[in-house]
Amino acid sequence: MKPRSDSTFPAFENRDYYVALGEHISFYRKRASITQADLAYRVNVSRSYLSRIENTNICQSFSLELLFNISRELKVPPKYFFEPFPTPGKKNSKLKS
């Protein structure tokens with residue numbers, strides 16, 4: 001079977017990174033009490049595209065530009081999307097709720 005050369009799909013070894021990013025986006029979006037539709041509108045993508053990014057069963061690639069726009073709308077520094085989730089009862093003093 002020939003390997004897929006379509007650039008819209010991330011390499012298999014990067015799949016877990018995209019899934020983790022989607023989980024973080026979902027976590028911080030819900031924490032900010034923002035719907036998928038509202039966030040999608042604010043960052044100029046469709047709600048279904050944002051849903052694919054957040055879905056842990058789908059590996060949807062997306063640009064850093066979009067990640068930075070999402071970060072700005074959620075008021076979360078981009079580095080937080082690459083760090084472990086905040087633990088309950090332990091507030092992160094750097095992140096404003």
Side-chain angles (χ1 to χ4, degrees):
M1 186 171 197
K2 185 179 173 184
R4 190 174 195 136
S5 62
D6 187 344
S7 65
T8 62
F9 294 94
F12 182 75
E13 59 269 10
N14 295 327
R15 181 190 185 287
D16 292 341
Y17 295 123
Y18 282 102
V19 171
L21 281 170
E23 288 178 313
H24 279 75
I25 291 168
S26 176
F27 173 83
Y28 287 113
R29 177 183 59 76
K30 291 173 184 174
R31 184 175 174 180
S33 300
I34 298 173
T35 65
Q36 278 185 342
D38 191 31
L39 180 58
Y41 175 79
R42 291 180 190 189
V43 297
N44 199 32
V45 297
S46 69
R47 192 216 46 87
S48 62
Y49 183 62
L50 181 59
S51 176
R52 287 194 313 269
I53 290 170
E54 291 185 1
N55 188 329
T56 57
N57 296 317
I58 298 173
C59 181
Q60 176 64 57
S61 64
F62 56 98
S63 69
L64 283 174
E65 183 71 20
L66 179 56
L67 181 65
F68 294 148
N69 291 342
I70 290 170
S71 170
R72 185 173 34 260
E73 288 300 323
L74 297 178
K75 297 175 178 49
V76 176
K79 71 178 187 174
Y80 281 71
F81 292 101
F82 298 94
E83 295 180 351
F85 289 110
T87 56
K90 200 174 188 185
K91 285 206 167 193
N92 190 333
S93 61
K94 295 177 186 175
L95 183 63
K96 294 180 182 178
S97 296

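Because the structure is predicted, anything quoted here is derived from the model rather than measured.
- Judged as a side chain to side chain donor-acceptor pair (under 3.5 Å), and not counting sequence neighbours, Asp16 has no contacts.
- Looking at heavy atoms from C-beta onward, Val76 lies out of side-chain contact with Arg31 at the 4.5 angstrom threshold.
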Item to complete: Mind running side chain to side chain contact (heavy atoms under 4.5 Å, CB included) on Val43 and Tyr49 for me, showing each step along the way?
Response: CA-CA 11 Å; Val43 297; Tyr49 183 62; over 6 Å; no

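- Heavy-atom minimum distance, Phe62 versus Ile53: CE2-CG2, 3.6 Å.
- Listed by chain and number, the residues in a salt bridge (charged side-chain N to carboxylate O under 4.0 Å, His left out) with Arg52 amount to none (sequence neighbours excluded).
- Linking Ile, Leu, Val, Met, Phe, Trp and Tyr residues whenever their side-chain heavy atoms come within less than 4.5 Å places Val45 and Phe68 in a single cluster.
- In this structure, Phe81 is a member of the same hydrophobic cluster as Leu50, with clusters built from ILVMFWY side-chain heavy atoms closer than 4.5 Å.
- Considering only heavy atoms from C-beta on, Phe82 comes within 4.5 Å of Leu67 through its side chain.
- With sequence neighbours excluded, no residue forms a salt bridge (charged side-chain N to carboxylate O under 4.0 Å, His left out) with Arg72.
- Residues forming a side chain to side chain donor-acceptor pair (under 3.5 Å) with Glu54 (at least two apart in sequence, or on another chain): Arg29, Gln36.
- Note: the hydrophobic cluster containing Ile34 also contains Tyr80 (ILVMFWY, side chain heavy atoms under 4.5 Å, direct or indirect links).
- Considering every non-hydrogen atom in both Ser61 and Tyr18, the closest pair reads CA-CE2, 3.5 Å.
- Among all heavy-atom pairs drawn from Ser71 and Pro77, the shortest one is OG-C, 3.6 Å.
- Between Leu74 and Ala32, the closest heavy-atom pair is CD2-CB, 4.4 Å.
- Shown here are the ring pair (Phe, Tyr, Trp, His ring centres under 6.0 Å) partners of Phe85, two or more places apart in sequence or in another chain: His24, Phe27.
- A 4.5 Å side-chain heavy-atom check between Gln60 and Asn55 finds every atom pair outside the cut-off.
- Under the 4.5 Å side-chain heavy-atom criterion for ILVMFWY residues, no single connected hydrophobic cluster contains both Tyr41 and Leu66.
- One finds the SG atom of Cys59 at 10.0 Å from the CG atom of Leu21 (value rounded to the nearest 0.5 Å).
- Cluster annotation: Leu64 and Val19 are assigned to distinct hydrophobic clusters (Ile/Leu/Val/Met/Phe/Trp/Tyr, side-chain heavy-atom contacts under 4.5 Å, transitive).
- For Ser33, the side chain to side chain donor-acceptor pair (under 3.5 Å) test picks out no residue, with sequence neighbours left out.
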